[in-house]
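Basis for what follows: all heavy atoms, side chains included, without hydrogens, waters or symmetry-related copies.
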Amino acid sequence: MKKVFFTLFILLTTVVTFAQEYTIDIKEINLFNKAQPTKFVPFDATKTQVLQALGQPVKQYKIYNQMDETSEDVFEYNGKTKLYFNNNKLVSFDILNFRSSPITIGKNGNAVKEPKDLENLYSSIPTKKENTTDGESYLFRRSKVATLKKGTTILDMGLEIKFNFMNGSVAMSSGIDPSTLLQEYIKSIAINTY
């Protein structure tokens with residue numbers, strides 16, 4: 001019995017230590033309009049605030065969130081970008097094709113445009129190397145992952161940012177200049193619920 005409690009204690013301590021080491025306050029994440037970077041909204045913005053700052057989505061619809069057993073409104077934008085609302089508040093987002101999305105993240109009035117901006121704005125989140133493919137002929141070379149908190153409360157959510165180098169054969173078959181293959185770019189930014 002003591003071994004079980006000790007094992008659980010070690011496991012919980014490890015999880016809490018990891019979460020505290022790589023956390024970012026949700027207040028540090030704002031969504032910006034790429035075309036007008038002076039327009040941005042905080043993470044818990046209302047639908048009206050989002051529409052005013054980020055513009056009209058391509059689609060609007062409802063989904064059922066099985067985990068929370070609630071209905072959520074979804075605003076879908078270009079670039080495989082989806083914003084999720086619960087009780088009229090922004091609760092999550094996915095920017096799966098950063099290059100073609102009209103939306104980016106940032107903080108303190110500064111929008112992220114390229115990987116170096118992430119290093120400047122979110123330097124507290126470590127960058128780790130990756131070696132997995134995403135099924136789209138790209139290789140994730142690096143990523144930033146952090147648990148979100150609100151004040152001192154650790155949330156069951158995390159920020160995940162993936163960087164890529166384009167696969168050479170895909171780039172050449174797409175007519176892309178091979179010299180651009182060495183340029184790192186942001187592939188996706190998402191808030192995930194655990």
- Item | NZ/K89: more than 12 non-hydrogen atoms of other groups inside 6.0 Å |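 Enclosed: over 12 neighbouring heavy atoms sit under 6.0 Å from NZ of K89.
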
- Message: If you count every heavy atom of other residues, nucleotides or ligands that lies below 6.0 Å from D156 atom CG, does the total exceed 12?
- Response: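 More than 12 heavy atoms, drawn from other residues, nucleotides or ligands, come within 6.0 Å of this atom.
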
- Who passes salt bridge (charged side-chain N to carboxylate O under 4.0 Å, His left out) against E76, sequence neighbours left out?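 Residues passing salt bridge (charged side-chain N to carboxylate O under 4.0 Å, His left out) with E76: none at all.
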
- Message: Under the rule for salt bridge (charged side-chain N to carboxylate O under 4.0 Å, His left out), what residues qualify as partners of E28, not counting sequence neighbours?
- Response: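 Applying salt bridge (charged side-chain N to carboxylate O under 4.0 Å, His left out) to E28 gives K107.
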
When rounded to the nearest 0.5 angstrom, what is the spacing between [atom1] in [X] and [atom2] in [Y]?
X: K34; Y: S100; atom1: NZ; atom2: OG; answer: 7.5 Å
X: I95; Y: K162; atom1: CD1; atom2: NZ; answer: 15.0 Å
X: D94; Y: K80; atom1: CG; atom2: NZ; answer: 11.5 Å

- Item | Qualifying residues under side chain to side chain contact (heavy atoms under 4.5 Å, CB included), relative to I125, sequence neighbours excluded |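 Residues passing side chain to side chain contact (heavy atoms under 4.5 Å, CB included) with I125: I24, Y122, K144, A146, L159.
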
Are [X] and [Y] close enough that some pair of their side-chain heavy atoms sits under 4.5 Å apart?
X: T70; Y: Y64; result: no
X: F43; Y: N30; result: no
X: I29; Y: L148; result: yes
X: T81; Y: L96; result: no
X: I161; Y: I105; result: yes
X: T147; Y: L155; result: no

- Query: According to the salt bridge (Lys or Arg N to Asp or Glu O under 4.0 Å) rule, which pairs have a member within residues 49-62, sequence neighbours left out?
  - Reply: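 Salt bridge (Lys or Arg N to Asp or Glu O under 4.0 Å) check on residues 49-62 returns K62-D73.
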
- Message: Does anything in residues 145-154 form a salt bridge (Lys or Arg N to Asp or Glu O under 4.0 Å)? List the pairs, not counting sequence neighbours.
- Response: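 Those involving residues 145-154 do not exist here.
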
Of all residues at least two apart in sequence or in a different chain, which pass the side-chain hydrogen bond (donor to acceptor under 3.5 Å, both in side chains) check with [X]?
X: N110; value: none
X: T46; value: Q49
X: S92; value: none
X: K39; value: Q36

- Could you go through the side chain to side chain contact (heavy atoms under 4.5 Å, CB included) check for L121 and N108 one step at a time? CA-CA 9 Å; L121 293 174; N108 302 328; 5.6 Å; no

- Query: Listed by chain and number, what are the ring-ring contact (aromatic ring centres under 6.0 Å, His included) partners of F93, not counting sequence neighbours?
  - Reply: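 Result, ring-ring contact (aromatic ring centres under 6.0 Å, His included) vs F93: none returned.
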
- For L90, which of I191, L31, D44 qualifies under side-chain contact (heavy atoms from CB on, under 4.5 Å)?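 Single side-chain contact (heavy atoms from CB on, under 4.5 Å) partner of L90 among I191, L31, D44: L31.
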
- Item | Fellow cluster residues of V91, listed by chain then number, with links counted only when side-chain atoms sit under 4.5 Å apart |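 Joined to V91, directly or through intermediates: Y61, I63, V74, Y84.
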
- Query: For F40, which fellow cluster members are found when Ile, Leu, Val, Met, Phe, Trp and Tyr are connected by side-chain heavy-atom distances below 4.5 angstrom, either directly or through intermediates?
  - Reply: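 Other cluster members: F32.
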
- Message: For the backbone of E114 and the side chain of D117, can you confirm whether one donor and one acceptor N or O come within less than 3.5 Å of each other?
- Response: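 Present.
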
